[in-house]
Amino acid sequence: MARHDRTLVHGLRIGYVDVVRDWRTLKRDRVRLALLAGAALFGTLYLGLMALVVQGRTADLAARAEPSLPPAVGLLVTLLWLSSTLMFGQRAAVRTIDIDAPSLVLTSVRPRAVTIGVLFAEFLRGLAFVVLPVGILGIGFATGAGTPVPILTLPLVTVLFLTSSVCAGIAIGAAVAVWGRRARWKTGYVAGGLALFGALVVAGVMTRLSTTPELAAGLPTSWYGDLFVVGTPIAASQARAFGAVLGTVAIGYAGATVTERFATQLWLGEVGAGGNDRGVAAPGERSRPFPRLRGWIDRPTRYVAWRSLRRVKRDPTRLSHLGLPLLGAAWLLVDLARSTTGRSLLPIAVGLLGSWVVGSVLTLNPLGDDGGALPATLTSPVDGSQFVRGTALTSALVGVPLLVAVGSAVSITTSALPLALGLSLWVGVHGAAAIGIALAVGMRFPRFGAIRVSRRRAVVPPSLSAIVVYSMTVLSLGLIGVGALVGPRLLLHDGAAATIAQGASVLVWLSLEGGIGYGCYRAAVRRFDRYTLE
């Protein structure tokens, strides 16, 4: 018994130290700290308004003759649990499971203690982000219910909710990490694509079913709502509330066991024993990058583009920064497609999201992606224009045409033909400009190393500053382009004056967008040519 107690204490200490190191790193990053503070201030104001809405809805529900928990609450709790579990799983598969010097750590403490430390650290990080919204909305619910009991049950529900979500998500992420390192990259891409397509199909079907809230209310993930309203005028199932507690214990134990099993395989280097060395290129492949483009594009440019694709092919987790934005955007697109009034905004949403993805998928951290090879790249005969063109080559030749095709298809199905043609032009120009913007911003705010001790040294995501600046610039320019395209028609309606004004505004916008894109491209070239290692 004493040995298990020591293991638990060691694990909790490991998790606490990891979080403290995160906090110290965050304090040294003034830009990121300022962005988080601004987001917290804006979020507090928004959550305050939402708390008033929750208070009014709760008061109306409690005033009924026999108030019961609405099925929509169960659906909301289920969606929140699934979303948070997916987030923790994605973090575990990408970076959380990896630890520094595992051979040294595992000779000091047991693998179970390290597993507990990883789970506890992730729990504390999640708790730090949910304390503010949960506290504000909980106060609104308690005020509307007219009883202080939710103030007592809210911390319990939050801890149980996060515990089950963290344990389940990290267990899935650890399994995916082991499988991803054993399987070949094509297998991973195909399986991941099919899984994502299946999830989107299931989500689309569920959103169209009128019985979805009732079905979700019966799932075990919705039982935390019953536990939360215990002791309030709202009737809830006592059995489900008790089941939420027991279910959390079961999920926590099972998740920790699975995490320990797969994470230990990663830490002890047992993965990859099947001889799958994805870091070695096939004979002849290194000397012939993109042979079909020979005669059109010079060899150094083709080599830079080939190397960018090889890095992603070896480890697709380099694209992990796209995961959460794409998940949130998928829900937005589904909602717009379902709404009659929002369907007209679907081409704009697709164009903004697609342009953002085209620019950020391969070009948002060009210097940091080189890693240890950057000194050799800077001293090689490759000049700035060749490096920048090679980094943007795949996005320009594949991403932009694909974006134009998708945007045109969506525009034709939702808008009149003249407007659809204008939106197709807007999508193509904005997607091309986004590539240049990403290159300039990525060169200006590079990231060369991990900001946490447990992140993979070989996988360096773009810096938070680059993501924020790039996203704000691309979204702002995209909205300006939409305003230039549809603004004259909305203000002047139909007629010759509206047509002339629309043509003039589109020409002005094309000059602005093209100038910004080309200027960012030239800035990236100059940045590479003048870059020196410190």
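Side-chain atoms are counted along with the backbone in the values below, which use heavy atoms only and exclude waters and symmetry mates. Keep in mind it's a predicted model, so treat the numbers as computed, not measured.
Shortest non-hydrogen contact noted between G431 and V358 is O-CG1, 4.2 Å. Taking each heavy atom of W509 and A484 in turn, the nearest pair found is CB-CB, 3.8 Å. Closest non-hydrogen pair, A440 versus C520, comes out as CB-O, 3.5 Å. Here the closest non-hydrogen pair linking A396 and P401 is O-CD, 3.3 Å.
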Could you list the donor-acceptor pairs under 3.5 angstrom formed by side chains in residues 466-478, with sequence neighbours left out?
unit_1, atom_1, unit_2, atom_2, d
Y470, OH, S355, O, 3.4
Y470, OH, W356, O, 2.9
Y470, OH, S360, N, 3.4
S471, OG, W356, NE1, 2.8
S471, OG, I467, O, 2.6
T473, OG1, V469, O, 2.7
S476, OG, M472, O, 2.7

Please report, to 0.1 Å, the donor-acceptor pairs under 3.5 Å made by any side chain of residues 404-412, with sequence neighbours excluded.
unit_1, atom_1, unit_2, atom_2, d
S408, OG, V404, O, 2.6
S408, OG, S424, OG, 2.8
S411, OG, G407, O, 2.7

Test T391 against T363 for side-chain hydrogen bond (donor to acceptor under 3.5 Å, both in side chains), laying out the working first. CA-CA 6 Å; T391 305; T363 57; over 6 Å; no

CA sep, side-chain torsions, deciding dist, call: L80, F161, side-chain contact (heavy atoms from CB on, under 4.5 Å): CA-CA 10 Å; L80 288 176; F161 184 94; 4.1 Å; yes

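The distance from atom CZ of R91 to atom CD1 of I170, rounded to the nearest 0.5 Å, is 8.5 Å. Residue R302 holds its CZ atom at 13.5 Å from CH2 of W296, rounded to the nearest 0.5 Å. Remark: L45 CG to L41 CG distance equals 5.0 Å, nearest 0.5 Å. Between the OG atom of S395 and the CD1 atom of I435 there is a distance of 5.0 Å, given to the nearest 0.5 Å. Rounded to the nearest 0.5 Å, atoms CD1 (I136) and CG (L49) are 10.5 Å apart. Taking CG of L309 as the reference point, atom CG of L393 lies at 8.5 Å (rounded to 0.5 Å).
Among residues two or more places apart in sequence or in another chain, the ring pair (Phe, Tyr, Trp, His ring centres under 6.0 Å) test is passed with F123 by none. With sequence neighbours left out, L507 forms a side chain to side chain contact (heavy atoms under 4.5 Å, CB included) with no residue at all. For the side chain to side chain contact (heavy atoms under 4.5 Å, CB included) test, residues two or more places apart in sequence or in another chain that qualify with L124 are V19, F120. For T301, the side chain to side chain donor-acceptor pair (under 3.5 Å) partners two or more places apart in sequence, or in a different chain, are D298. Contacts of W426 classified as side chain to side chain donor-acceptor pair (under 3.5 Å), with partners at least two apart in sequence or in another chain: none. Applying the side chain to side chain donor-acceptor pair (under 3.5 Å) rule to S463 yields no partners; only residues at least two apart in sequence or on another chain are considered. In this structure V388 satisfies the side chain to side chain contact (heavy atoms under 4.5 Å, CB included) test together with L439, M443, Y521, A524, V525, sequence neighbours excluded. For the side chain to side chain contact (heavy atoms under 4.5 Å, CB included) test, residues two or more places apart in sequence or in another chain that qualify with R24 are V20, R28. Scored by the side chain to side chain donor-acceptor pair (under 3.5 Å) test, R307 finds D370, T377 as partners (sequence neighbours excluded).
Applying the ring-ring contact (aromatic ring centres under 6.0 Å, His included) test to residues at least two apart or on different chains, the pairs with a partner in residues 387-421 are F387-F528.
Remark: K27 does not engage D22 in a salt bridge, criterion side-chain N to carboxylate O under 4.0 Å.
Between the side chain of D529 and the backbone N or O of G384 there is at least one donor-acceptor pair closer than 3.5 Å. Checked by atom type and distance alone, the side chain of S222 never pairs as donor or acceptor with a backbone atom of V77 at under 3.5 Å. With hydrogens and angles disregarded, no donor-acceptor distance shorter than 3.5 Å links the side chain of E513 to the backbone of L510.
Residues L421 and L425 are not in side-chain contact: their nearest non-hydrogen atoms beyond the backbone lie 4.5 Å or more apart. Side chains of R57 and L52 form no contact here, defined as non-hydrogen atoms less than 4.5 Å apart. When side chains are defined from C-beta on, L86 does not count as touching W81, because their heavy atoms never get closer than 4.5 Å. With a 4.5 Å cut-off on side-chain heavy atoms, F141 and Q55 do not count as touching.
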